[in-house]
Protein chains: 2
Amino acid sequence: MRMNEGVEWAMHSCVNLSWMPGQPVTARHLAAFYDLPTAYLNKQLQALTRAGILTSVSGPKGGFQLARDPRNITLLDIVVAIDGPDEAFRCTQILKAGPGADPKADYTKTCLVSQAMRSAELAYRRELAGQTIADIAGRVVETTPEAPANARNRFANLRS
Amino acid sequence: MRMNEGVEWAMHSCVNLSWMPGQPVTARHLAAFYDLPTAYLNKQLQALTRAGILTSVSGPKGGFQLARDPRNITLLDIVVAIDGPDEAFRCTQILKAGPGADPKADYTKTCLVSQAMRSAELAYRRELAGQTIADIAGRVVETTPEAPANARNRFANLRS
DNA sequence: GGCAAGGTACTCGGATATACGATGTCCGAGTCAGAAAGG
DNA sequence: CCTTTCTGACTCGGACATCGTATATCCGAGTACCTTGCC
């Protein structure tokens, strides 16, 4: 099991965007920040836009910015936007082929293996839903107070 | 993100094996139980064997059986055996390319995004580690008391 | 009749093809800014 | 000098290649049982 690595890029990008309120940042700049492939990062940002996490503006002076307060953007929102809403474990209802199976039963609900896996993923998602971009950004500032200024400087220098 | 579907097969197979104590069951029989591809299920069972969850015996009257008490086999054990020990989210330390980066720092530890994702996966694994094959099997018997007998009968009929 | 040796059939085990999705790239649609020309 | 139009460059957006991994399969190694021949 391997998570889409764009999730990592998206999270760091959102943290950076939280330090550029009201100021669109282009995919090219965000990519240059961490030396990432521009076109591919752009694709991830598009997904975030479709999910309503970012807003995009075209043309010169365009770019991406957070669509809402970073305190209302959870890590789960980002994971779902990039990696898809499906659960990792997918019950294929193999019990249907077993002895004494009920053809009408929905084993994604009743199968106990499925239930156990679902409860574990629920714990995972609950943990992610409890963390927001604002939480991360705030904790970064605690340990590295100059981080927001660093970001703004780098974006300004890239603009030249 | 999508989990190896062999995990589902492995869990159901282990539950069934818990009802056949001391009696080896062949991969062919386990596959026929749920109408699964024999050779591929065999591969998963081999992985469980390498992980020390099952023991295998070759030759006629051979097959697989649980290597230890099902109360000591957690769902996490099975997931790790089949899906690998790596975490889904892998920190690639993109902060190393950012401004003010410390080349000697291990950002898999210090990066706050990485920490948040790790804590979520820990919650996931903790949940899985709290469930054993014996727990599942016991709950199955509560709802379907005839399940163990059904399994033994089907295996016996397949043998003929 | 009992025993031993060989053959056979059945099992696991790992090496080998194939299909699908993640990764990476490219070009077109849309848009704003600035320049240039006319009033 | 101001206004308006046109051109151009820059952005996002989605369609198109490429690579890696999960999926699926096959044949070889090993073993217990059964048969057969001998004592």
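Just so it is clear: chains get the letters A, B, ... in the order the sequence lines come, proteins before strands, and each one is counted from 1. Side-chain atoms are counted along with the backbone in the values below, which use heavy atoms only and exclude waters and symmetry mates.
Between A/Arg2 and D/dG20 there is no side-chain N or O to OP1 or OP2 distance below 4.0 Å. Distances shown here put every side-chain N or O of A/Asn42 at or beyond 4.0 Å from the OP1 or OP2 atom of D/dT11. The side chain of A/Ser56 places no N or O atom within less than 4.0 Å of a non-bridging phosphate oxygen (OP1 or OP2) of D/dT11. The side chain of A/Arg28 contributes no N or O atom lying less than 4.0 Å from OP1 or OP2 of D/dC10.
Checked by distance alone, A/Lys43 brings no side-chain donor or acceptor within 3.5 Å of a matching partner on the base of D/dG13.
Clustering ILVMFWY residues whenever any of their side-chain heavy atoms sit less than 4.5 angstrom apart, transitively, puts A/Leu66 in the very cluster that holds A/Val141.
Among the nucleotides D/dT11, D/dT25, D/dG14, the one closest to any side-chain atom of B/Pro37 is D/dT25. The nucleotide whose nearest atom lies closest to any side-chain atom of A/Tyr40 is, among C/dC12, D/dT23, C/dA22, C/dA22.
Each of A/Ala39 and A/Gly62 lies near DNA chain D, and the nucleotide nearest A/Gly62 is the one positioned closer to the 5' end. Across the interface with DNA chain D, nearest-nucleotide mapping of A/Met1 and A/Phe64 shows A/Phe64 to be the residue nearer the 5′ end.
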Between N or O atoms, less than 3.5 Å apart, protein on one side and nucleotides 30-33 of chain C on the other: list the pairs.
unit_1 : atom_1 : unit_2  : atom_2 : d
C/dG30 : N2     : A/Gly59 : N      : 3.4

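Salt bridge B/Arg90/A/Glu5: absent, no basic N to carboxylate O contact under 4.0 Å.
Checking B/Lys96 against B/Gln93 by side-chain atom types alone, a donor-acceptor pair falls below 3.5 Å. Between the side chains of B/Asn16 and B/Ser13, no donor-acceptor pair of N or O atoms lies under 3.5 Å.
Following rounding to the nearest Å, A/Leu36 (CG) and C/dA22 (P) show an atom-to-atom distance of 19 Å. Atoms CD (B/Gln46) and C1' (C/dA15) sit 11 Å apart, rounded to a whole Å. If you measure from atom CD of B/Gln44 to atom C1' of D/dA24, you get 11 Å, rounded to the nearest angstrom. Counting to the nearest Å, the C1' atom of C/dA22 and the CG atom of A/Asp86 are 15 Å from each other. Straight-line distance from the CD atom of A/Glu5 to the C1' atom of C/dG24: 10 Å, rounded to whole Å.
Figure legend: B/Arg154 and B/Phe33 shown as a cation-pi pair, the cationic atom lying under 6.0 angstrom from the six-membered ring centre and within 45 degrees of its axis.
For A/Arg152, the CZ atom counts as densely surrounded, since its 6.0 Å shell holds more than 12 non-hydrogen atoms of other residues, nucleotides or ligands.
When side chains are defined from C-beta on, A/Glu8 counts as touching B/Ile94, because their heavy atoms get closer than 4.5 Å.
Heavy atoms of A/Gly63 sit under 4.0 angstrom from primed sugar atoms or phosphate atoms, though from no base atom.
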